[in-house]
Protein chains: 4
Amino acid sequence: MADTRPVRRQARGERRIAEILDAALGLFAEVGYDAATTNAIAARAGISPGSLYQFFRNKEAIAQALSERLVEGTRKAHGAAFADRPVAGLPLDELIDLMLDPLIEFNVSNPGAKTLFGNTDMPAQLAAATRPLHEAVTRRVTAVITARAPHLAPAAAERTATVVVQIVKGMMPPVVAADDDERAALVTELKRVIRGYLAPLEDTPA
Amino acid sequence: MADTRPVRRQARGERRIAEILDAALGLFAEVGYDAATTNAIAARAGISPGSLYQFFRNKEAIAQALSERLVEGTRKAHGAAFADRPVAGLPLDELIDLMLDPLIEFNVSNPGAKTLFGNTDMPAQLAAATRPLHEAVTRRVTAVITARAPHLAPAAAERTATVVVQIVKGMMPPVVAADDDERAALVTELKRVIRGYLAPLEDTPA
Amino acid sequence: MADTRPVRRQARGERRIAEILDAALGLFAEVGYDAATTNAIAARAGISPGSLYQFFRNKEAIAQALSERLVEGTRKAHGAAFADRPVAGLPLDELIDLMLDPLIEFNVSNPGAKTLFGNTDMPAQLAAATRPLHEAVTRRVTAVITARAPHLAPAAAERTATVVVQIVKGMMPPVVAADDDERAALVTELKRVIRGYLAPLEDTPA
Amino acid sequence: MADTRPVRRQARGERRIAEILDAALGLFAEVGYDAATTNAIAARAGISPGSLYQFFRNKEAIAQALSERLVEGTRKAHGAAFADRPVAGLPLDELIDLMLDPLIEFNVSNPGAKTLFGNTDMPAQLAAATRPLHEAVTRRVTAVITARAPHLAPAAAERTATVVVQIVKGMMPPVVAADDDERAALVTELKRVIRGYLAPLEDTPA
DNA sequence: GATGAATGAGTCTTCATTCAT
DNA sequence: GATGAATGAAGACTCATTCAT
C-alpha cells in the first residue's frame, strides 16, 4: 500500500497525459482549482475517473505537472526568441517584447494558465504544486536583470525580478479576458510600465 | 420617521456581523476562501453555525459583505487622507503616498483582504461576490486619474486605472508576506513603478 | 484543518455513540470489519453519514471505541463476579467459571465482539485499534495466573496467559455460532481444556 | 484414454497458478485478505492483472484454490508422517507430534496460511471460500479421534475435533509470529494443552 | 495466452446548510 | 435570536474486473 506505483509515462500514455492536462487547464480556467473536480477533469478528458489516477497520483500532481508544462512551454517560447541573441546587448524595448510576447500568447491560448501562474492567492495544495513554476520564472527574470544591470546587488536584482513578475501576473487576467483591441491596448500599457520601471536601472552604471 | 428603533435594535447584530467578518477575514488569510469552512468561521466568531446563517444567507454572502466592508474601509482611509485636498493640485509623489499608504496598511493588518482584493483568479462564486469591490476601487482610481489627466479619453482613463489597480493587486501578496525591511523596499519599488507609469500622462497636456 | 475537533461526548451524544457502536458491532458480526462501510453503520444506527463523523473521527476510531467498550464490559462483568473473592483461594473450577461465564455471555449477546476480540488475523488498522483490548485482557489473565501460581517466572506466566487467551479466542466463534445445547457442550469442553492446562501449574509449589 | 495432452499442455498453466497462489499467500500474510489487491497479487506473481483472470474467475476463487492447496499440503505432510503407522496404536505424545509438527512447520513457512486457516472471523466471501479447508481438516481430526476413542458418539467425536482444531487455530498466530525460542516454548504449551484434553478420552473405555 | 489500459461502482470523509429545541 | 445536532450531496480516490490489441 506504499507509493510504489511507477505512474505510467510512456507511449500512448503521453497523449493521455496531455489530454488530461488540457482538460484540467480548461477547467481551472473556467471554475478554478478547487471547483475543478477530478471526476470532471476525467470526463472532459474523455476517460474514467479511475484512468486519471493511472497517470496522476492525485489532484495535486495534476497541478504540478501542469506547472511543469507551463515552465517548459514558456521556456521553449523564450528559448526560441532569445536564440543567439546576447541578452545584454539588446535594446530594452526589444528585450521586453521578446520576454512578454511569447508569455502573453501562451496565456491567451491557455487561459487556465493564470490559475497556476497568475494567481496570487491559492489553496496551500496548489501553492506547493506551483512553487517550482514561480521560482523558475523568477529565476529566469532575475538572470536577465542581472545581465543587464550587473551593478545591482543580488537582493536588489531579485526584488526587481519579483516586482516585474508580480506586475505581469497582475495584468494577465485582464489581458487574457479582453477582446483583441483592448488586449493590444493593455499590452502596450503593460510594456510601458515595465520599460518605465527597468530603464532607470540600466542607465545607472556602477 | 416614527420608527427609529431598528438603529439601536440591531446594535448587537452589527457587532455579531463584524465578528463574523473578522473571523472570515482571518481564515481567508490563513487557508483561503475554499478551505475556510463556514463552521470554522462560526467557531472563530464564537457563535454556532446556526447563528451564522441568521446573519448571512450563505458563504458567498459573507464574502460579499466582506468586500463591501473593504470598500468602505479603504474609502474611509482615503477619505481621511484626501480631506480638503484638491486631488488635481497635489504633487504626484504625494498623491501616490496618499493612495497607497492607507491601502497597504489596511492589507497588512488584514492579510485576508488579499483573498478578496489581491486575488486575480478566483472561484466563480467569489468572483461574483467581490466584483463590486473591484469596480468600486477601479472607479475611484479612474476618478483620480481623470481629475489629474483630463485630456485622457474615458476609455483610456479607465484602462489606466485598471493597470494601476492590477499592479497594486499583483504586488500585494509579496508586500503583505514580507518582513518589515523587505516590505519597505518593495513598497518603494511599487511606488516607483506607479510614478513611472503615471507621470508621463500628466505631463502631456491636450 | 488540524485535528482539534473535540468529538462530542456529552448528554444525548452518549446515546448516539452507543447506537453507533451497536450498529458497528452488529455489522462487524455480519460482514466483518472491512465490509462494514461507514455509511452502512450510520444507516443502521439511524443517522446520516455526516452525523457519524460528528462522534468518530474515522472508521478506525469506531473500532477503537468498540474495543474500549468491550474491555469495560468484560471488566465490569468480571469485577462483579470477583467482588470480595480472593482469587488465590478459589477452587480452580470456580475460578474458571467466574472468568469464562461472563465473557461467553458477553460474546453471545454481542456476536460482533469476536471480530474485535476473537479475531486472530486482521487488517492493520483494526489490529492497531484493538491492541489495547488484547493487552488489557492478557494483562488481567496474567495477573490471575501470577496470583495462583506465584512460582512461575514472569515470562512463563505471561505465556500461559497468552495460551489461555488464544484458546478462548479460538473457541469463541463456534461457541457464539452454536445453538444452546451445542453451546453448552462446547463450553464444557472449553472449561475442561483450560482446567487441564492450568491445574498442573498450581500443584507445583516452589 | 486417447487424449493425454491436457496433462502436459497445462504444465505451464500449473506453474502460473502456483506462482499466483504463492503471491496471494504472501500478500495475505503481509496485509490480510481485503487489503491484498488482485493487481498486487498479479504484480507479485510477475504477470498482468488480465492474465490473473485467465486462471481465476475472481478474487474469491484465489482464496478457494489456496485453501485447497493448503488442504493438500497438510494432507501430504500428514500422509508422509503417518505412512504405515497404525494411528490407533501410537502413543498419544507421538501422535500429537505427528499431527502438529508438520502443520506448524507449514504455517511458519507460509505465514499467509493463517489468514485462511487460523483466522476465526473473516469476510463472508473468504469464509465461503475456506469452508472446505476447515471441513477437511476437521474431518481428518475427527477420523483420528474416532480411531483412538471409538467409544465416543459421533457428535462427541466431532465436537472434540472442533475443539482441537480451534485451539490450534487460536495458537497459530502467536506461534507464527514468535521468534524461535518463544515459538518452541509456545509449541510445548500447545502440545501440553492438547494432550491434557485428549488423554482422558482415550483412557475411558466404554 | 498475455497484456495493461480502461472502467465505474463504491469507499471514506467533508461541509454548506437546515431545523427542532 | 441562539444553539448544535443532523443532514446528504458531493469529492477524492481505490480496486475488482473487462476487453481491445
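Only a predicted model underlies this, so the values are computations on that prediction, with no experimental measurement involved. No hydrogens, no waters, no symmetry mates; every other heavy atom, side chains included, goes into these values. A, B, ... follow the sequence lines: proteins, then strands. Residue 1 opens every chain.
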**Request:** Dot-bracket notation for DNA chain E is requested: 5' to 3', Watson-Crick or G-U wobble pairs only, both distances under 3.5 Å, with ( ), [ ], | and . as defined.
**Result:** .||||||||||||||||||||
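Contact annotation: B/Ser51 side-chain N/O to F/dT3 OP1/OP2 distance is under 4.0 Å. OP1 or OP2 of E/dC15 has not a single side-chain nitrogen or oxygen of B/Thr38 nearer than 4.0 Å. Using a 4.0 Å cut-off, some side-chain N or O of B/Arg16 falls inside it from OP1 or OP2 of F/dA2.
The CZ atom of B/Phe56 sits 13 Å away from the P atom of F/dG1 (whole-angstrom rounding). Atom CG in A/Asn39 sits roughly 17 Å away from atom P in E/dC12 (whole-Å rounding). Between A/Gln54 atom CD and E/dT3 atom C1' there is a gap of 12 Å when expressed in whole angstrom units. When the P atom of E/dC15 is taken as reference, atom CD1 of B/Ile62 falls 15 Å away, rounded to whole Å. The CG-P distance, from A/Asp34 to E/dA16, rounds to 11 Å in whole Å. The interatomic distance linking B/Leu27 (CG) with E/dC15 (C1') rounds to 13 Å, in whole Å. To the nearest angstrom, P of E/dT18 lies 7 Å from OH of B/Tyr53. The distance between atom OH of D/Tyr33 and atom C1' of F/dC15, rounded to the nearest whole Å, is 13 Å.
In this structure, C/Gln64 CD and C/Phe56 CZ are separated by 10.5 Å, a value rounded to the nearest 0.5 Å. If you take CG on C/Leu66 and CG on C/Asn110, they are separated by 8.5 Å, rounding to the nearest 0.5 Å. Separation of atoms CD1 (A/Ile62) and CD1 (A/Ile20) is listed at 6.5 Å; rounding is to 0.5 Å.
The nearest heavy atom of DNA chain E to A/Gly46 and to C/Pro49 marks one nucleotide each, and the one closer to the 5' end goes with A/Gly46. Comparing C/Asn58 and D/Ser48, the nucleotide of DNA chain E nearest to each residue sits closer to the 5' end for D/Ser48. Heavy-atom distances to DNA chain F give each of D/Lys59 and A/Thr37 a nearest nucleotide, and the one nearer the 5′ end belongs to A/Thr37. Toward the 5' end of DNA chain F, the nearer of the two residues C/Leu52 and D/Gly50, judged by each one's closest nucleotide, is C/Leu52.
The one candidate from B/Thr38, B/Ile41, B/Asn39 that meets the side-chain contact (heavy atoms from CB on, under 4.5 Å) condition with B/Pro49 is B/Asn39.
Pairing each heavy atom of C/Phe55 with each of C/Arg16, the nearest pair is CZ-CB, 3.6 Å.
D/Ser48 places a side-chain N or O within 3.5 Å of a backbone atom of D/Ser51 that can act as its donor or acceptor partner. The backbone N or O of A/Ala40 sits less than 3.5 Å from a side-chain atom of A/Thr37, completing a donor-acceptor pair.
If you check E/dT18, F/dG8, E/dT3 against the side chain of D/Ile47, the one that comes closest is E/dT3.
Within the 4.0 angstrom heavy-atom criterion, no nucleotide atom of any strand lies near B/Arg57. Among the protein residues, D/Phe55 comes within range of the sugar-phosphate backbone only, with heavy atoms under 4.0 Å from sugar or phosphate atoms but none that close to a base.
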**Request:** Starting from the C-alpha separation in whole Å, work towards a yes-or-no answer on salt bridge (Lys or Arg N to Asp or Glu O under 4.0 Å) for D/Arg69 and D/Glu72.
**Result:** CA-CA 5 Å; D/Arg69 195 171 82 166; D/Glu72 194 57 22; over 6 Å; no
